[in-house]
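Here's the structure we're looking at; comments come further down.
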Amino acid sequence: MAFHFTWAFAFGILGNLVSFGVSLAPLPTFYQIYKKKTSEGFQSIPYVVSLFSAMLWIYYALLKKDAILLITINTFCVFIQTFYIFTYFYYAPKKERIMTVKLILLFNVFGFGLVCLSTLFLEKGLRLRVLGYICMGFALCVFAAPLCIVRKVIKTKSAEFMPFYLSLFLTLGAVMWFFYGLLLKDLNIAIPNVLGFLFGILQMILYAIYRKKPKQVVEEPKIAEHILDMLKLSTMGVGSELSTVVPEPTTDDNNGGIVEAQKVKKEGSNTEETNKQNMKGSNQV
């Protein structure tokens, strides 16, 4: 028994380290928001859902014995996701602020409150099982998110939308948490990470196939929506990032206006010259 718990603790520590690094991945996005002084073009839903996931796993870990490593990483995720949400909210336009408040109420207030109330009056053992099923179901749904990026990579035949190192670390995290759950004999932790591992391997295979192939043009207004799928929420409450390509202003319209003005001026000069020739011809007659 001590052997299992020793190895479980080791895998839990490694899982904490990997998940800690992945949860910091959205920092470049928020540095960009800080520099531009606006969060327009980004979405808050990945951070709200990640906060909800971390809250669920903390509740589960508090009911379960010997799950301190679940509490540590998810407590950190609660703080970092709260920071992301507040930063986003501070720089967001009014419309996006309203949407963020609605999402927080939906997931973190009513959603989490419903889970707590629905399990509060159950016997402790049954409450833990029901809550574990809820956490596992939510994690399985979240781990299915990479199907969108897989479809996009195959469609465009380009791995441009697939950060390799992010996929690698998410896969490593899934391995660590799988063995952590397996050694603790907790299938609610282990099973979702099997799916996470399989999808991670699939993404790296696609990266190896399409990394050197030029991308095909796809008529989609927001080609970076894959970031929401790539920075998927791990079972341990790892955050997500959504980045949107914002088109840079061009001077095509101005150039077009200059060319058009030159054409009009030239046509006016030709007309004036023709009129002079006609007048000259009339005088000669």
Side-chain angles (χ1 to χ4, degrees), residues 11 14-29 32 42-43 45-47 49-50 52-54 57 73 77 80-81 84 135-182 188-245:
F11 279 110
L14 292 174
N16 268 257
L17 293 175
V18 174
S19 297
F20 177 84
V22 175
S23 65
L24 295 177
L27 284 177
T29 295
Q32 185 179 355
F42 298 90
Q43 296 181 10
I45 187 170
Y47 316 108
V49 174
S50 182
F52 175 63
S53 175
W57 283 106
I73 184 58
C77 285
I80 194 68
Q81 299 306 323
Y84 292 153
C135 291
M136 181 171 61
F138 183 78
L140 287 172
C141 292
V142 165
F143 271 127
L147 289 176
C148 298
I149 178 58
V150 167
R151 180 184 65 85
K152 186 178 289 291
V153 169
I154 294 175
K155 186 176 181 180
T156 60
K157 298 187 183 303
S158 171
E160 179 186 4
F161 305 142
M162 183 178 291
F164 174 77
Y165 289 106
L166 180 60
S167 299
L168 175 63
F169 281 104
L170 286 171
T171 305
L172 289 176
V175 172
M176 301 306 168
W177 289 115
F178 166 75
F179 281 108
Y180 176 78
L182 185 66
N188 296 321
I189 300 174
I191 290 177
N193 285 285
V194 174
L195 188 62
F197 172 75
L198 293 177
F199 278 128
I201 294 296
L202 175 61
Q203 290 174 58
M204 287 189 286
I205 291 174
L206 288 175
Y207 183 87
I209 294 173
Y210 293 116
R211 62 176 179 170
K212 293 184 179 179
K213 294 187 178 182
K215 71 174 183 177
Q216 295 181 355
V217 177
V218 180
E219 295 182 358
E220 294 185 13
K222 293 183 179 180
I223 63 173
E225 291 178 351
H226 67 280
I227 299 297
L228 172 62
D229 303 324
M230 276 305 305
L231 263 170
K232 57 187 180 295
L233 313 173
S234 80
T235 309
M236 300 305 119
V238 176
S240 300
E241 175 186 3
L242 177 67
S243 178
T244 304
V245 174

Completion exercise
Heavy atoms of G181 and A190 approach each other most closely as C-CB, 4.1 Å
Practice task
Compare every heavy atom of R211 with every heavy atom of A159, then report the nearest pair and how far apart it is.
Solution key: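 Heavy atoms of A159 and R211 come nearest at CB-CA, 3.8 Å.
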Which distance, rounded to the nearest 0.5 Å, do you find between the [atom1] of [X] and the [atom2] of [Y]?
| X | Y | atom1 | atom2 | result |
| --- | --- | --- | --- | --- |
| M176 | F169 | CE | CZ | 10.5 Å |
| I80 | L27 | CD1 | CG | 5.5 Å |
| L172 | S167 | CG | OG | 11.0 Å |

Practice task
Could I get the full list of side chain to side chain contact (heavy atoms under 4.5 Å, CB included) partners for L206, not counting sequence neighbours?
Solution key: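 With neighbours one apart ignored, the set is V150, V153, I154, M162, L202, Y210.
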Practice task
Identify, with sequence neighbours excluded, every residue that meets side chain to side chain contact (heavy atoms under 4.5 Å, CB included) alongside F179.
Solution key: F11, V175, L182
Is the backbone of [Y] close enough, under 3.5 Å, to the side chain of [X] for a donor and an acceptor to pair up by distance?
| X | Y | result |
| --- | --- | --- |
| S53 | V49 | no |
| S50 | P46 | no |
| Q32 | P28 | no |

Using side-chain heavy atoms (C-beta onward) and a distance below 4.5 Å, is [X] in contact with [Y]?
| X | Y | result |
| --- | --- | --- |
| P26 | Y47 | yes |
| I189 | W57 | yes |
| T171 | F199 | no |

Exercise for the section: Kindly write out the residues that satisfy ring-ring contact (aromatic ring centres under 6.0 Å, His included) with Y180, not counting sequence neighbours, or none if the list is empty. Expected result: W177
